[in-house]
Novice: 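One structure, pasted below without further comment.
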Amino acid sequence: MSSLTPMMQQYLDIKEQYKDCILFFRLGDFYEMFFEDAEIASRELEITLTGRDCGLEERAPMCGVPFHSAEPYIAKLVNKGYKVAICEQMEDPALAKGIVKREVIRVITPGTVLESSMLDEKKNNYLLSIYCDKYFYGLAAVDISTGEFSTTQIVLGNTLNKLIDEIAKYSPSEILINLQPDSDNSTIREIRKRFNAYITPVGNEYFDRKNSIEKIKCCLNHEEFLKKDKELAVYASGALLTYLEQTQKVSLTHIQDVKFYEIEEFMVLDASTRRHLELTETMRDMSRKGSLLWVLDRTVTAMGGRTLRKWIEQPLIKVEDIRERLDVLNLDQGLF
């Protein structure tokens, strides 16, 4: 590889750190993609595949999109289940001595989308983290666009079925899960079978206890949560925060509170029941029109729409909680 041009060597060095992403490599007014990334992007985005001299015997496959209008292309790739790493020029090319310094400033994944044009404003876009400890589970969920963060753990009864039901409640676009030994991948297999979510297996280093507690203390209003001594929930929450830190590369100050809840606080509705009740989408064509949510939704704000959807997907069962919710609605009709 010593014959590579300096720019292409820089590209490959950065790509090596983001092997599971399509690398949008800034060159002037374009984000360029090379080699396999270029072939994938050309096919998925229906753009022309060209080539570029790179110091090798054959030209490197290449395609690109204008940097000022890249968002629709990124959205299309993310919707198809790809991760996109945005690599920017970190200095003015006119002033640079030698090769322009470049760095990845953000990784966009199905669960970390922030752009309003890529989201349904009345639906939360959840990223889930699941920590598996044999037959026990910790689960954490975040909507990075709103800062909503909640966590629980599952340790009683048929825990796998309860986990599946809990995932169905969130309908996540992406799920982090700790890697399982080759002899026990049943949880991942079951999740893949049941949900159309991007699965991101991560190493156990994401779930380190000390690191998890440090992340929670730095990013969240954490005191009450940590007092509860819910280890599995701590691991899942720490992994989620670590992943966000690594992909977003900025301080997520809008994530200020973590809510721990017991799954017994809500009515148990398994995935099949949710589908047959057509709570948020119809069975026939998976559309919102014709569902219970479509019938009830007269909200006028995005926050109200997300709140109503959450209430439908997570029905309360305690009488005092139901009365408290009704009291809030009676007092503040402006909620929606």
Novice: With a 3.5 Å cut-off and no angle check, do the side chains of Thr242 and Asn211 form a donor-acceptor pair?
Specialist: yes
Novice: Considering residues at least two apart in sequence or located in another chain, which fulfil the salt bridge (charged side-chain N to carboxylate O under 4.0 Å, His left out) criterion with Lys76?
Specialist: none
Novice: Counting neighbours of CZ on Arg43 that are heavy atoms of other residues, nucleotides or ligands and sit closer than 6.0 Å, is the number greater than 12?
Specialist: yes
Novice: Given Arg26, which of Glu103, Gln89, Glu88 fulfils the side chain to side chain donor-acceptor pair (under 3.5 Å) condition?
Specialist: Glu88
Novice: How would you list all residue pairs meeting ring pair (Phe, Tyr, Trp, His ring centres under 6.0 Å) that involve residues 34-88, not counting sequence neighbours?
Specialist: Tyr11-Phe34
Novice: Is a donor from one side chain sitting under 3.5 angstrom from an acceptor on the other, for Tyr170 and Ser150?
Specialist: yes
Novice: Taking only residues two or more places apart in sequence, or in another chain, which ones meet Lys259 in a salt bridge (charged side-chain N to carboxylate O under 4.0 Å, His left out)?
Specialist: none
Novice: Once ring pair (Phe, Tyr, Trp, His ring centres under 6.0 Å) is applied, what residue pairs with a partner in residues 259-295 remain, sequence neighbours excluded?
Specialist: Tyr261-Phe266
Novice: Applying salt bridge (charged side-chain N to carboxylate O under 4.0 Å, His left out), can you list everything that pairs with Glu324, at least two apart in sequence or on another chain?
Specialist: none
Novice: Considering residues at least two apart in sequence or located in another chain, which fulfil the salt bridge (charged side-chain N to carboxylate O under 4.0 Å, His left out) criterion with Glu278?
Specialist: none
Novice: Are Asn158 and Lys162 close enough that a side-chain donor and a side-chain acceptor fall under 3.5 Å?
Specialist: no
Novice: Specify the closest pair of heavy atoms between Arg106 and Leu114, including all atoms of both residues, with the distance to one decimal.
Specialist: NH2-N, 3.4 Å
